[in-house]
Amino acid sequence: MSHELRTPLNAVLGFSRLLRNGTSSDPPRDLDIINRSGEHLLDLINHLLDVTKIEAGRNDIEIVSCDLAKLIQDVSGMILAKAEQKGLALRFEAPESPLFIRTDPSRLRQVLINLLNNAIKFTEHGSVTLRWSATPTNIADRVLLKFEVEDTGIGVAAADQARIFDAFVQAGEVDRHQGVGLGLTISRQLIGLMGGTVHMESAPGRGSCFRIELPAELVPYSDVTQGDELPAVLALEPGQPEYRILIVEDDRESSLLLESLLQNAGFAVLAVGDGAQAVEKFRDWRPQFVWMDLHLPVIDGLEAARRIRNCDGGSAVRIAAVTASGFVGSRSEILAGGLDDYLHKPYRPEEIFACMARHLGVRYTRNQADAADTKEIAVGLRVEDLATLHVDVRRELREALMTLEPERISAVIKRISHDNAVLGSILARYAGEYAYTAILRAIDAVRLPASSTGI
């Protein structure tokens, strides 16, 4: 564990010193290394917190509607580069399967990434395959999802298979492979919390196959939140009132980061370092929004929020926690403590801006080039155009998209272009942007009521 934490930390500290001292020979490369190492550290910390929270009975599962194809596409994008670096073929096999389901997408994504990363780590030659399917059950709108992650790697000896899901256990030559042996432990526990099971089959020298069976509920297309990335926020939209934002954060670096983000967008910002100062400044300055760290000196964040609520005007202010703690309780517990929302560190800028938009109605101007690209993708493909294709052609295109193989997808689109050059051009543009999910939604929406007119 010490080795795994210190190795990426050494890269973060070492390359940041080179940049600070002006002795870096390749600053963009060094920044990439720092970023990758930081992401690896975060992953290790999250693994440790997951194991601890599960054992303490504090790990919440959030069941929501999601797009299964989009989830698989995200997973493939995260691990494709690792497979290519080792010269491994990464394969996806997907017979007809539900696209829109209710599950915990973040946890399912985490498990699939864990299993695929393990497969790549312990495979030197050959391939790694992810296949999935859905089997109807005797309950209406319920299916049994089945996922398999199969590799041609070193395999696991029979003596190790009985303990491979134990914490801090790794099979094979541990010194040759990074990791702390928590991924499989977490994967089995998370799938168990969602009502599913994980099993494995393996033999030394013949690879391994991990199988997941997970119950899920089918939902209509209209229930799935559109997950497209929004263009970057540039500034506050003109014509709005002044928004005063109070930041309560005892860590100076974290405070500076949030201050810079908000000030650059045009907010009026004031920062304090403890809960008592937060209450005092709220009385004097009357901000409309407070970002509150939960672990503060003098008065902690929850107590500071309670006292602010008791002040004149305290019922109207919006208070959101931003915390690095892995044990802040469930969302319902936090909201019951007088807060309106909360985010975990590290956060993305869009999460900060979206939270304030939800609670204050703030409007932003965004990167117009990004917005134009987003609009073109959003309205360019129409369901009625795909409805003109023969059902066999739609099925062939859908099956090609589910494999995530660009050459196969391109071949089908070229055949469509022979009969409909305009539609072929639109599909080619989508495929070039890897917007496979948008095409899949349009194909499946052909079967939905006519009120669904576009993607």
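One-based numbering along the sequence shown. Computed from a predicted model, the values in this text were never measured in an experiment.
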* **Chi angles and distances behind the salt bridge (charged side-chain N to carboxylate O under 4.0 Å, His left out) call for Arg366, Glu350** => CA-CA 11 Å; Arg366 296 179 179 272; Glu350 179 56 39; 3.0 Å; yes
Residue pair [X] / [Y]: nearest heavy atoms and the distance that separates them:
| X | Y | answer |
| --- | --- | --- |
| Ile247 | Ser255 | CG2-OG, 4.1 Å |
| Ala305 | Leu339 | CB-CD1, 4.1 Å |
| Ala11 | Ile33 | CB-CG2, 4.2 Å |
| Cys66 | Thr103 | SG-CG2, 3.7 Å |
| Val64 | Pro105 | CG2-CD, 3.5 Å |
| Ile413 | Ala428 | CG2-N, 4.0 Å |

* **Atom CZ of Arg29 with >12 non-hydrogen neighbours under 6.0 angstrom** =>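 Count over threshold, so yes.
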* Is the number of heavy atoms from other residues, nucleotides or ligands within 6.0 Å of CZ (Arg109) greater than 12? ->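 Count over threshold, so yes.
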* Partner residues of Thr129 under the side-chain hydrogen bond (donor to acceptor under 3.5 Å, both in side chains) criterion, sequence neighbours left out ->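 Listed in chain order: nothing, the list is empty.
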* Tell me, please, which residues at least two apart from Asp419 pass side-chain hydrogen bond (donor to acceptor under 3.5 Å, both in side chains). =>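 For Asp419, no residue satisfies side-chain hydrogen bond (donor to acceptor under 3.5 Å, both in side chains) once neighbours in sequence are set aside.
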Enter the distance from [X]:[atom1] to [Y]:[atom2] here, rounded to the nearest 0.5 Å.
| X | Y | atom1 | atom2 | value |
| --- | --- | --- | --- | --- |
| Ile113 | Leu116 | CD1 | CG | 8.0 Å |
| Phe353 | Arg358 | CZ | CZ | 13.5 Å |
| Arg408 | Ser410 | CZ | OG | 13.0 Å |
| Met292 | Asp340 | CE | CG | 11.0 Å |
| Leu427 | Ser417 | CG | OG | 7.5 Å |
| Leu401 | Leu440 | CG | CG | 4.5 Å |

Measuring only between side-chain heavy atoms, which start at C-beta, is [X] closer than 4.5 Å to [Y]?
| X | Y | result |
| --- | --- | --- |
| Asp104 | Leu108 | no |
| Arg395 | Asp392 | yes |
| Phe122 | Val156 | no |
| Tyr347 | Ile352 | yes |
| Leu423 | Leu389 | yes |
| Trp291 | Ile319 | no |
| Val322 | Leu294 | no |
| Ile299 | Asp274 | no |

* Asked: Regarding Asp300 and His295, is there a side-chain donor-to-acceptor distance under 3.5 Å anywhere?
  ->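 Note: Asp300 and His295 side chains miss the donor-acceptor criterion.
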Has [X] got a side-chain atom pairing as donor or acceptor with [Y]'s backbone, closer than 3.5 angstrom?
| X | Y | result |
| --- | --- | --- |
| Asn21 | Thr23 | no |
| Lys86 | His125 | no |
| Ser208 | Ser202 | no |
| Asp293 | Leu296 | no |
| Ser127 | Leu90 | no |
| Asn264 | Ser260 | yes |
| Thr123 | Ile120 | no |
| Arg318 | Met356 | no |

* Asked: For Glu351 and Cys355, what are the C-alpha separation, side-chain angles and deciding distance, and is it a side-chain contact (heavy atoms from CB on, under 4.5 Å)?
  -> CA-CA 6 Å; Glu351 293 178 291; Cys355 182; over 6 Å; no
* Hey, can you tell me if Phe92 and Trp132 have their rings parallel, tilted or perpendicular (30° and 60° cut-offs)? =>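 Rings of Phe92 and Trp132: perpendicular, over 60°.
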* Asked: Would Leu256 and Glu253 satisfy side-chain contact (heavy atoms from CB on, under 4.5 Å), going step by step from the backbone distance to the final call?
  -> CA-CA 5 Å; Leu256 281 172; Glu253 287 76 14; 5.6 Å; no
* When you look at Leu130 and Leu115, which way does the side-chain contact (heavy atoms from CB on, under 4.5 Å) test go after all the steps? -> CA-CA 10 Å; Leu130 170 62; Leu115 296 180; over 6 Å; no
Let me check something: any side-chain donor-acceptor pairs from residues 211-220 under 3.5 Å, sequence neighbours excluded? List them with distances.
residue: Arg211; atom: NE; partner: Glu148; partner atom: OE2; Å: 2.8
residue: Arg211; atom: NH1; partner: Glu201; partner atom: OE1; Å: 3.2
residue: Arg211; atom: NH1; partner: Glu201; partner atom: OE2; Å: 3.0

